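Input: a single structure, listed below in structure tokens.
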Amino acid sequence: MPNQESYFAFAGTIDQQALHRLFNGFGFAMGQGVQRVHLLFQSTGGLVSDGVCLYNYFKGLPIELAIYNAGSVASVSTIAFLGVEQRYASRYSTFMIHRTYISQVTGDASKMQAFAISLLIDDKRTEEILRAHVAMPDDVWALHKLQDVILTAEEAIRYGFARDIRDFAPPKGTQVVNL
């Protein structure tokens, strides 16, 4: 009889390599008959397209998934985090959201215009995902338009980013797979 639960840990940037590791880990677990995965999740963010992809991947998984913010979930990793129904935060963890930005851009006017359009599209889709899952007060939404918003675990629960304060706590003797 296969092990019904698996425990994974992910710490890193949300990029193509991270997606490959996560897809491989979950694919292997599902192939082994795992029905529930517990995922410790720690990330400062990454690329919007990869974070949205991970959000959609998590939403479509045919297994039960519980995700735990054990330190910080920031930027687009917050979007990915919201793709999971069972979301938890350690007492001293934080969440951070902000508008999309890019650092140093070089190019002609048409390239700059394309970047501006891309930023607007990314802001629209990440805000739509946020609004579908969280209920922040108007003053926090207004602040989000101007600067980074950093939330404590208690605020994250109050607004819907996480369901409860709960630590990632594999049973003694459990193998935790680092993705």
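Count residues from 1 along the sequence. Computation of the quantities below employed the complete heavy-atom set of this structure, encompassing side-chain atoms and omitting hydrogens, waters and symmetry-equivalent molecules. Computed from a predicted model, the values in this text were never measured in an experiment.
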- request: Identify the heavy atoms of Thr13 and Ala18 that sit nearest to each other, and give their distance.
  value: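 Closest pair (atom of Thr13, atom of Ala18, distance): O-CB, 3.2 Å.
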- prompt: If you look at every heavy atom in Ile165 and Arg91, which pair is closest and at what distance?
  reply: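 Looking at all heavy atoms of both residues, the shortest contact is CG2-N, 3.8 Å.
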Donor-acceptor contact below 3.5 Å, side chain [X] vs main chain [Y]:
X	Y	answer
Thr126	Asp122	yes
Asn56	Val52	yes
Thr78	Met96	yes
Arg36	Glu64	no
Thr152	Glu155	yes

Pairwise distance [atom1]([X]) to [atom2]([Y]) - rounded to 0.5 angstrom:
X	Y	atom1	atom2	answer
Lys145	Arg99	NZ	CZ	4.0 Å
Phe28	Asn24	CZ	CG	10.5 Å
Asp15	Ser43	CG	OG	9.0 Å
Ile117	Met112	CD1	CE	13.5 Å
Gln113	Ser118	CD	OG	12.5 Å

Any side-chain heavy-atom pair from [X] and [Y] closer than 4.5 angstrom?
X	Y	value
Ser77	Phe95	no
Ile97	Met136	yes
Arg125	Val48	yes

Hey, any chance [X] and [Y] share a hydrophobic cluster, counting ILVMFWY side chains that come within less than 4.5 Å of each other, even indirectly?
X	Y	answer
Leu61	Leu54	yes
Val73	Tyr92	no
Tyr88	Val176	yes

task: Please determine if Glu85 and Lys59 form a salt bridge, counting it only when a charged side-chain N lies under 4.0 Å from a carboxylate O.
output: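 Answer for the salt bridge query: no.
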- request: May I ask you to decide whether Glu128 forms a salt bridge with Lys124, counting only side-chain N to carboxylate O separations under 4.0 Å?
  value: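 A salt bridge links Glu128 with Lys124.
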- prompt: Considering the options Val140, Leu130, Val149, which one meets the side-chain contact (heavy atoms from CB on, under 4.5 Å) requirement together with Tyr159?
  reply: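 With Tyr159 as partner, side-chain contact (heavy atoms from CB on, under 4.5 Å) holds for just one option, Val140.
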- request: Quickly, which of Ile67, Leu65, Asn69, Ile157 forms a side-chain contact (heavy atoms from CB on, under 4.5 Å) with Arg87? Name it, please.
  value: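 With Arg87 as partner, Ile67, Leu65, Asn69, Ile157 yield a single side-chain contact (heavy atoms from CB on, under 4.5 Å), made by Ile67.
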- request: Classify the side-chain pair Ser6/His38 by whether it contains a donor and acceptor separated by less than 3.5 Å.
  value: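 Side chains of Ser6 and His38: no pair found under 3.5 Å.
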message: For Tyr68 and Phe41, I'd like to know if the aromatic rings sit close, meaning centre-to-centre distance below 6.0 Å.
response: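 For Tyr68 and Phe41, the ring centres are not under 6.0 Å apart.
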task: Identify, with sequence neighbours excluded, every residue that meets side chain to side chain contact (heavy atoms under 4.5 Å, CB included) alongside Thr174.
output: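 Thr174 satisfies side chain to side chain contact (heavy atoms under 4.5 Å, CB included) with Tyr7, Pro170, Pro171 only.
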message: My understanding is that only residues two or more places apart in sequence, or in another chain, count here; which of them pass ring-ring contact (aromatic ring centres under 6.0 Å, His included) with Tyr55?
response: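 ring-ring contact (aromatic ring centres under 6.0 Å, His included) list for Tyr55, sorted by chain: His133.
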